[in-house]
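Here the structure is a predicted model, which means the values were calculated and not measured. Hydrogens, waters and symmetry mates play no part in the numbers below; they use all other heavy atoms, side chains included.
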Amino acid sequence: MKRINTQKRTTLLCWALTIVLCVGSIVLFPKYLSGSSTYNNGIHTQAKIIDIDYRKGARKSTTGTAQYTDESGMIHNYYGFLGYDLIYGDYIDLVYDRDNPDNAVLGDATGHTVGVIATVVIMLLTACLLFLSILLTFFSKGRKQVVCAHVDVDDNELARIVSEYMPKTRRNFLEKRMKNKRIDKLGSDTIVERLLAAGDPIKGIYDNYRTIIESGDIYPCAVIRATDNDIYNQMIDINSPSVESGLSRFTVPTVVVYSTDPYFISNPYELKQIANKFVDPPYSDIRLGDADIDLINAIQDDTKRFFNFKYNGVLSNDRDVFISTVILDKFHLCNAKLCNKFMYVVASPNRTQYAAVLPSWYYSLWELSAY
């Protein structure tokens, strides 16, 4: 995606500038320390200008050679910037090192101060660019975006993949979730920001997201329905005009069903079937009660939110499941879009009523391809 390529170019540019400034700092800083030591501890003397470099456009700024005598009567030459509006035969103030008389700096306090300020500015700029480069490299969402080739698998293969790889993914998540705080951060778009400003209950997801990630475990999950079908479309160019207009979607509230029952690890396809029943119930096969019908109708309402709503009935084959509204962040999804109905959710029903979808960088390649 263009956004990712632009971010890579920015990161490379930052590193290039950082390296240049680091090399410059390595070269200049010892000279600054030496010059500062000489200025503060050296011996002042008057040096006579004996040669001037006349350069085009440099009539006021004077560069050339000045000659001075040390305490022992030895004559030394100083070459470099001498000052402003000087001519042959003028005298300037120099400070030389008693132990190494050939080492001299200008005695002008103003010039010394400018040198100190310039050195400090360069070092601060180097530190800022280094920090920015590290931030872009290690804490940027774009670096973590996952691309995968999705393949439809049958129920038996899905069960095999979940049973075999979910424990590894769980360990990976538990080991890295504290280090990935910035990477795992939940995003938003203009539409979601408006919902939050209007007091939408999804604000609780954002307010408690860190608690969800830090205290939750992962469980099989299936998508019931998204409140905006744009989640099935790959993320658009970040520079697109629709971004400014607020029409683009990067995050979409979505109703999912998950369960803490280990049964669904061995039978994940049943969780997908349960999700389908909440959208398209098989009226000819099951008898729905009023509560079931009310729940189905509520799920069809884009304004309704569910936060770990516990359900056990005909739609779940009489097994305990949780219906919850989560925020699907395209940055967290494989291929930056929703590819399938099945995934993992991070939840802790005993500690918080909110849940979150596990970001794609924790999954194995087998899971990313099949889910």
Side-chain angles (χ1 to χ4, degrees), residues 5-140 142-143 182 239:
N5 292 334
T6 301
Q7 183 168 295
K8 286 182 178 178
R9 288 196 296 269
T10 302
T11 303
L12 290 174
L13 178 61
C14 282
W15 275 114
L17 292 174
T18 299
I19 292 172
V20 170
L21 286 175
C22 282
V23 171
S25 297
I26 292 172
V27 173
L28 292 176
F29 190 60
K31 292 184 178 180
Y32 160 72
L33 289 179
S34 176
S36 182
S37 176
T38 299
Y39 180 83
N40 292 323
N41 304 307
I43 300 173
H44 284 261
T45 186
Q46 291 294 300
K48 182 180 179 180
I49 298 175
I50 61 173
D51 187 41
I52 293 177
D53 292 342
Y54 291 101
R55 299 175 182 176
K56 185 176 181 180
R59 297 178 62 183
K60 292 185 178 181
S61 177
T62 307
T63 300
T65 303
Q67 196 171 77
Y68 62 96
T69 304
D70 64 19
E71 289 179 319
S72 63
M74 296 293 293
I75 296 175
H76 305 272
N77 289 334
Y78 167 85
Y79 177 80
F81 172 72
L82 304 176
Y84 296 94
D85 295 321
L86 298 173
I87 61 175
Y88 181 88
D90 281 349
Y91 284 84
I92 61 172
D93 185 31
L94 287 181
V95 183
Y96 69 86
D97 186 346
R98 177 181 279 107
D99 298 326
N100 183 18
D102 284 324
N103 184 19
V105 297
L106 290 176
D108 181 13
T110 302
H112 176 71
T113 302
V114 171
V116 172
I117 294 174
T119 303
V120 171
V121 169
I122 290 174
M123 295 190 67
L124 286 175
L125 183 59
T126 302
C128 290
L129 275 173
L130 180 60
F131 175 77
L132 180 60
S133 299
I134 292 173
L135 196 66
L136 286 172
T137 302
F138 297 103
F139 299 105
S140 170
R143 188 184 73 92
R182 292 181 180 271
N239 297 313

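Distance check, rounded to the nearest 0.5 Å: OG1 of Thr45 to CD1 of Ile92 gives 10.0 Å. Atoms CG and CG, on Leu130 and Leu125 in that order, are 11.0 Å from each other to the nearest 0.5 Å. Considering OG1 of Thr69 and NZ of Lys48, their distance stands at 11.0 Å, rounded to 0.5 Å. Here CG of Leu17 is found 4.5 Å from CG of Leu13. Values are rounded to the nearest 0.5 Å. Taking CG of Asp97 as the reference point, atom OG of Ser37 lies at 6.5 Å (rounded to 0.5 Å). Of the inter-residue distances, the one linking Ile43 atom CD1 with Leu94 atom CG reads 12.5 Å to the nearest 0.5 angstrom.
Val95 and Gly107 get closest at one heavy-atom pair: CG2-CA, 3.8 Å. A pairwise comparison of heavy atoms in Ile52 and Leu86 identifies CD1-O, 3.8 Å as the closest pair.
In terms of the side-chain hydrogen bond (donor to acceptor under 3.5 Å, both in side chains) criterion, residue partners of Asn77 (sequence neighbours excluded) are, by chain and number, Gln67. For the ring-ring contact (aromatic ring centres under 6.0 Å, His included) test, no residue two or more places apart in sequence or in another chain qualifies with Tyr91. Applying the ring-ring contact (aromatic ring centres under 6.0 Å, His included) rule to Tyr78 yields no partners; only residues at least two apart in sequence or on another chain are considered.
A side-chain contact (heavy atoms from CB on, under 4.5 Å) with Leu82 is found for exactly one of Asp90, Thr65, Ile49, namely Ile49.
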For this session: Please step through side-chain contact (heavy atoms from CB on, under 4.5 Å) for the pair Asp93 and Gln46, ending with a clear verdict.
Result: CA-CA 5 Å; Asp93 185 31; Gln46 291 294 300; 3.7 Å; yes
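The aromatic rings of Tyr68 and Tyr96 lie parallel to each other, with less than 30° between the two planes, well short of the 60° mark.
Thr38 places no side-chain N or O within 3.5 Å of a backbone atom of Val105 that could act as its donor or acceptor partner.
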